[in-house]
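The structure appears below as structure tokens.
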2 protein chains.
Amino acid sequence: MTQHACDHDHSHDTTTINVDARLKAAEALCVASGERLTAPRLRTYELILGNNGPMKAYDVIDRFHPEGAAKPPTVYRALSFLEQMGLIHRIESLNAFVACATPANVDHHHTHTAAFLLCDCCGQSEEIATLSLADIEHQAQHLGFEVKHITVEAKGRCKTCR
Amino acid sequence: MTQHACDHDHSHDTTTINVDARLKAAEALCVASGERLTAPRLRTYELILGNNGPMKAYDVIDRFHPEGAAKPPTVYRALSFLEQMGLIHRIESLNAFVACATPANVDHHHTHTAAFLLCDCCGQSEEIATLSLADIEHQAQHLGFEVKHITVEAKGRCKTCR
DNA sequence: AGTGGTTATGTTATTAAATAACACGGACGT
DNA sequence: ACGTCCGTGTTATTTAATAACATAACCACT
Ligand SMILES: [Zn+2]
Ligand SMILES: [Zn+2]
Ligand SMILES: [Zn+2]
Ligand SMILES: [Zn+2]
């Protein structure tokens, strides 16, 4: 994130995620799924978890190494992997990625459809449950359309930015 | 569109829009709104209306002039305008644009939230009504989030591509 | 008609985002 | 050890979008 189309207080722009716990859980999930949480994948997830809000791929690229940047394919591959594992979500309308609020885990491997409230102003995102997408599914079924993935993104202003 | 990750029949990839009627209606809408449907805007809308499915900005750019390509800002500005007028929708997950199925008109100026069923295979899109977004609005309200725009995109396979 | 404000376009250049293609290397089962 | 699969490293290219600034058209008012 980091946009600030305003001058007001943004002290609410802080999320508290237990990064270490998330990384451990991710490791366990991968092992259980027969996948490998390799170094670039781990590093990418770590950066996204530590970032305050949705993170651009090129921000990951820039901060990948302490010294210099990573090569784009390294990061894009990791992002694809993490998304497929249900650990992060891609925000289509922002070209950005954010850690899932309720990530897949050992007991619960699934990649779920998420909805986001995305603040225009501070860039903060809130992941909410997607209700009634059954309606979309229903219409799709009527049309013979097989739904694989639904993107729901609500853009606007968050409480403190209004 | 035009992707064809398959070899089967795509004769369903044809839409029938009365382009002239749409252009006339758009002209009337703009007049009524105190806006101007200028040449680049008209041309851009015409191309999108004539295209079979969501169209990339750079495809508009390439086909803008009979001779050569247009300059990107020319087209991007027109696209923004058309979107704001409720004549086209941007498909975030495809970086593409499609004519609205039920565009704003003289009687009914609004830009509505749309949902799309996007076929992975043939690239065709179907615009459907978005039901129950009230749920999202409701959750947002609870969080004090002011929703300005909701993106809903369902990706998968259409009837004939399954 | 002239004038000034506003809106839209033309143009050049740059930035941002994502992928193609291919070589290399490590993990793993046999 | 061998071959296969999967993931990575690397180079280059493609695709998407915007910044910045100059010019021109439109409009309202004099
Ligand atoms: Zn999630
Ligand atoms: Zn905010
Ligand atoms: Zn529409
Ligand atoms: Zn199809």
Side-chain angles (χ1 to χ4, degrees), chain A residues 1-3 5 26-27 30-31 33-45 47-48 51 54-65 67-85 87-98 120 123, chain B residues 1-3 5 26-27 30-45 47-48 51 54-65 67-85 87-98 120 123 155:
Chain A
M1 31 160 249
T2 307
Q3 23 210 264
E27 173 63 34
C30 289
V31 168
S33 308
E35 301 289 343
R36 294 158 51 201
L37 190 59
T38 60
R41 292 167 174 178
L42 184 73
R43 177 61 178 152
T44 298
Y45 190 33
L47 284 169
I48 290 178
N51 195 65
M55 190 174 187
K56 298 277 202 175
Y58 272 77
D59 287 339
V60 175
I61 288 168
D62 291 340
R63 289 158 55 182
F64 197 85
H65 295 299
E67 337 83 59
K71 304 292 171 62
T74 302
V75 169
Y76 279 102
R77 285 164 180 157
L79 290 170
S80 297
F81 172 82
L82 294 169
E83 190 181 11
Q84 279 165 19
M85 292 298 290
L87 297 173
I88 65 174
H89 294 289
R90 178 187 170 84
I91 311 286
E92 299 284 359
S93 62
L94 297 179
N95 291 339
F97 300 83
V98 69
D120 276 345
Chain B
M1 31 158 253
T2 308
Q3 24 212 266
E27 172 63 33
C30 287
V31 168
S33 309
E35 301 288 343
R36 295 157 51 201
L37 191 58
T38 59
R41 291 167 176 179
L42 184 73
R43 178 60 177 152
T44 299
Y45 190 33
L47 284 169
I48 291 179
N51 195 65
M55 189 173 187
K56 297 278 203 176
Y58 271 78
D59 287 340
V60 176
I61 288 168
D62 290 341
R63 288 159 54 183
F64 196 84
H65 294 299
E67 336 84 59
K71 304 293 172 58
T74 301
V75 169
Y76 278 103
R77 286 164 179 158
L79 291 170
S80 297
F81 172 82
L82 294 169
E83 190 181 12
Q84 280 166 18
M85 292 298 291
L87 297 173
I88 65 173
H89 294 290
R90 178 188 170 83
I91 312 285
E92 299 284 359
S93 62
L94 296 179
N95 291 339
F97 299 84
V98 69
D120 276 346
K155 292 186 144 185

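In what follows, chains are A, B, ... by sequence order, proteins preceding strands, each numbered from 1.
Glu92(A) places its CD atom 16 Å from the C1' atom of dA17(D), with the value rounded to the nearest Å. In this structure, Ile91(B) places its CD1 atom 16 Å from C1' of dA16(D), rounding to the nearest Å. One can place CG of Leu42(A) at 15 Å from P of dG7(D), the figure rounded to the nearest angstrom. In this structure, the CD1 atom of Ile61(A) is 15 Å from the C1' atom of dT8(D), given to the nearest Å. To the nearest angstrom, P of dA8(C) lies 11 Å from CE of Met85(B). Straight-line distance from the CZ atom of Arg41(B) to the P atom of dA25(D): 16 Å, rounded to whole Å. The CG atom of Leu37(B) sits 13 Å away from the C1' atom of dA8(C) (whole-angstrom rounding). Distance Arg36(A) CZ to dG25(C) C1': 10 Å, rounded to the nearest Å.
When all heavy atoms of Val75(A) and Ala57(A) are compared, the closest pair comes out as CG1-O, 4.0 Å. Contact between Ile48(B) and Val98(B) at its shortest, heavy atoms only, is CG2-C, 3.9 Å. The two residues Pro40(A) and Ala78(A) come nearest to each other via the heavy atoms O-CB, 3.8 Å.
Annotated stems with DNA chain D as a participant read C:1-30 with D:1-30, given as range with range, by first number; only runs of 3 or more Watson-Crick or G-U pairs under 3.5 Å qualify.
Not a single donor-acceptor pair under 3.5 Å links the side chain of Arg63(B) to the backbone N or O of Leu47(B). Between the side chain of Arg41(A) and the backbone N or O of Phe81(A) there is no donor-acceptor pair closer than 3.5 Å.
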Please produce a list of atom pairs where a protein N or O lies less than 3.5 Å from an N or O of nucleotides 21-23 of chain D.
none

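Side-chain nitrogen and oxygen atoms of Lys71(B) include at least one within less than 4.0 Å of the OP1 or OP2 phosphate oxygen of dT12(C). Between Thr74(B) and dT11(C), a side-chain N or O to OP1/OP2 separation shorter than 4.0 Å is absent.
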Requested in this report: For nucleotides 14-19 of chain C, just jot down a letter per nucleotide in 5' to 3' order: B, S or -, based on protein non-hydrogen atoms under 4.0 Å.
Outcome: ---BBB
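Checked against side chain to side chain contact (heavy atoms under 4.5 Å, CB included), Leu42(A) has the following partners two or more places apart in sequence or in another chain: Leu23(A), Leu37(A). For the side chain to side chain contact (heavy atoms under 4.5 Å, CB included) test, residues two or more places apart in sequence or in another chain that qualify with Ser33(B) are Leu29(B), Glu35(B), Met85(B), His109(B). For Arg90(B), the side-chain hydrogen bond (donor to acceptor under 3.5 Å, both in side chains) partners at least two apart in sequence or on another chain are Glu92(B), Asn95(B). Contacts of Ala69(B) classified as side chain to side chain contact (heavy atoms under 4.5 Å, CB included), with partners at least two apart in sequence or in another chain: Ile61(B), Asp62(B). In this view, Arg77(B) and Pro73(B) satisfy the side chain to side chain contact (heavy atoms under 4.5 Å, CB included) rule, not counting sequence neighbours.
For the atom pair CG (Leu82(B)) and SG (Cys30(B)), the distance works out to 8.0 Å, reported to the nearest 0.5 Å.
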